[in-house]
Amino acid sequence: MSHPASDITSVLKEGRVFSPSSEFSQNAHIKSFAEYEEIYNRAANDPEGFWSEIAKELEWFSPWEKVLDWQLPFAKWFVGGKLNISHNCLDRHLKTWRKNKAAIIWEGEPGESRILTYQALHREVCRFANALKAHGIEKGDRVAIYMPMIPELAIAMLACARIGATHSVVFGGFSANALKDRINDAQAKAVITADGGYRRGQELPLKPAVDEALEDCPTIKQVFVYRRTNNQFITMKEGRDHWWHDVVANVSDHCEAEQLDSEHPLFILYTSGTTGKPKGILHTTGGYSVSTYITTKWVFDLKEEDTYWCTADIGWVTGHSYIVYGPLSNGATSLMYEGAPNWPYPDRFWNLIDKYQVNIFYTAPTAIRAFIKWGEEWPKRHSLASLRLLGTVGEPINPEAWMWYHKLIGKEKCPIVDTWWQTETGAIMITPLPGATPTVPGSATRPFPGIIMDVVTKKGESVPDNVGGYLVIKKPWPSMLRTIYGDDERYKQQYWSEIPGCYFAGDGARRDERGYFWIMGRVDDVLNVSGHRLSTMEIESALVSHPAVAEAAAVGRPDPLKGEAVAVFVTLEGGRKGSEDLKQELREHVAKEIGALAKPDDIRFTDALPKTRSGKIMRRLLREIAAGSETIGDTTTLEDISILAKLREDEE
Ligand code: PRX
């Protein structure tokens, strides 16, 4: 990183406190810390009352009979209620002046832009929903979506939601193999894709990966292909593959939204767990709608006239909740950008902020660290004066990156919301409310109203202030995952059995004397690489599927840019010797098995892996070796590591 070592401040000693300006607070939805605490306490005393008040801000076809049915660990929210999230994101606004408001402002990487008003988006969603129906897609079917960041990705999701088909979006950076596994696990009936998209000036083809995946996906009957890059080499399989523009050509632009049960499955999103097999996190309609709606409104202090931009890819939960469902259910204007932050130059994001006069900007710490590396001259070329609020998500933000963001992007006037949550939680759980909560660099501060969190020991006892422990959620919340698709037992096992009676998030944390939470990172075998979740087991199984590899162990090591980097230790078959060529081959092999995001950063060949007497790989040792090989420029990370190492020791 470019900052001098003397700038480094440990998070354990972080004392800088930043309060919102009185002007910001006066105009905010939640105006003071006292107001936050009042709402928080009210919600804690009567969570069902709190959530049902919020739920009433959305439109329901029929009201619920019971707010919560909780049979630990299975929750049903707004039981008996009927609604449709596509209706709440679209139709609800058409009755108002928002009809002609921009819903999605999109910019492609090559530079073209499109603006879809709520009415235009509604029309496109209805047309595509009718096309899906005409091709036999019905309520309850699963549909895989594998697309670049174009408006049709949001249209496809909203069209599925409209007819009650459950979507499973697979990030476009995943390989054919990863797509195949996800399609088969969900038994999807159709795939929605594009010929390709643009990334760093290159065409990134997608349809060929779909073709490859579908060689082994017996449940897929239909494939819909949007023409984005005009790729002339795409092949279309007769009877199975259809061009998007053909299927919407002659359909009605009227499609009634299905009246869905509150617990109707809205989407499955696969994420990495502690085993090799990704978990299909299942979210349902009612609770997810309510949580994403209110968190978007309060956390981003959303105003009617704001232009809001979340830079995530819709292939991750952040994009689901905070590009599509949260902003649109609020009737907001959401900016969507297709490509890389440094294309054609490292100021593309700052350029977009000025061009579209973005007011709220939500990105990942790993991106901020990349901007720091690219140099402050890039943001300094732009005014950025439209910004009034900044956010981060996906990994702990080191105080130096926070300060850079605060000074160079926020011009010392924009509150920063550091939001902690997960694919499983569906919506933001720990976060400042920008007009109310004084922020401290590196802390996600306090839980959102209605969310009861704690830091506990393995036995579930609260730990004292400033002592590291396991981060848990103690009460059910509306947007909680309902299960792991098709595997209730694994759901129970994974989230609800480690710590008695609580949802265990997999993270280590501590809470300070202010009641602020400091997230320290995963305590399980999940890595967080550039804000992307990867399981060490997944990488290990990819490696051992290569004929040269006998055994493999993957661990994370601190990386100043990516947060964590993937370090692997490999033993080879039959005394083979490792070489640079083989390293390259193994990297490519992992990219083929999972996706380029999982490519190991360091590969070490070894004669044997250190094991306990019972044969368990001693990961802690490997982590230390992996970390030791790098000079770590940030004591913050070191301190976290020692606490994490201790927690992990308890695990091993
Ligand atoms: O370790 C935490 C980290 O990201 C994990 C969840 O990853 P995923 O399901 O991919 O969702 C990412 C976007 C919501 C968490 O278990 N994480 C997420 N946000 C933060 C964070 N760690 C620290 N601070 C955050 N704000």
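Atoms within a ligand are numbered from 1 in the order they appear, just like the ligands themselves.
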Inset, instruction - Measure from the ring center of His320 to the ring center of Trp316 and say whether it is less than 6.0 Å. - result: no

Legend entry - N or O contact, Asp507 vs ligand 1, cut-off under 3.5 Å: yes

Inset, instruction - Run the numbers for me: atoms of ligand 1, each under 4.0 Å from some heavy atom of Val393, listed by number. - result: 13 (C), 14 (C)

Inset, instruction - Report the nearest protein non-hydrogen atom to atom 9 (O) of ligand 1: residue, atom name, distance rounded to 0.1 Å. - result: Thr423 OG1, 2.5 Å

Legend entry - Aromatic ring proximity, centroids under 6.0 angstrom, Tyr288 and Phe267: yes

Inset, instruction - Quick one: look up the protein heavy atom nearest atom 23 (C) of ligand 1 and list residue, atom name and how far away it is. - result: Pro396 N, 3.1 Å

Inset, instruction - Classify the angle between the aromatic ring planes of His532 and Phe171 as parallel (below 30°), tilted (30 to 60°) or perpendicular (above 60°). - result: tilted

Inset, instruction - Kindly say whether the aromatic ring centers of Phe448 and Trp298 come within a distance under 6.0 Å. - result: yes

Legend entry - is_close_aromatic(Tyr405, Phe371), centroid dist under 6.0 Å: no

Legend entry - Protein contact of atom 3 (C) of ligand 1 - nearest heavy atom, named by residue and atom, plus distance: Gly394 O, 3.3 Å

Legend entry - Location of contacts on Glu395 toward ligand 1, heavy atoms closer than 4.0 Å: backbone

Inset, instruction - For side chain to side chain contact (heavy atoms under 4.5 Å, CB included), just list the numbers for Val358 and Leu387, CA-CA rounded to whole Å, side-chain angles, deciding distance to a tenth of an Å, and then say yes or no. - result: CA-CA 6 Å; Val358 170; Leu387 289 173; 4.1 Å; yes

Legend entry - Numbered atoms of ligand 1 (with element) below 4.0 Å of Asn528, judged on heavy atoms: 3 (C), 4 (O)

Inset, instruction - Measure the distance from atom 13 (C) of ligand 1 to every protein heavy atom, then report the residue, atom name and distance (to 0.1 Å) of the closest one. - result: Thr318 OG1, 3.4 Å

Inset, instruction - Report the member of Trp316, Trp421, Tyr322 with the shortest heavy-atom distance to atom 14 (C) of ligand 1. - result: Trp421

Legend entry - Which residue and heavy atom of the protein sit nearest atom 10 (O) of ligand 1, plus the separation: Arg533 CD, 3.4 Å

Inset, instruction - Determine the interplanar angle of the Trp309 and Tyr337 rings, folded into 0 to 90°, and report it as parallel if under 30°, tilted if 30 to 60°, perpendicular if over 60°. - result: perpendicular

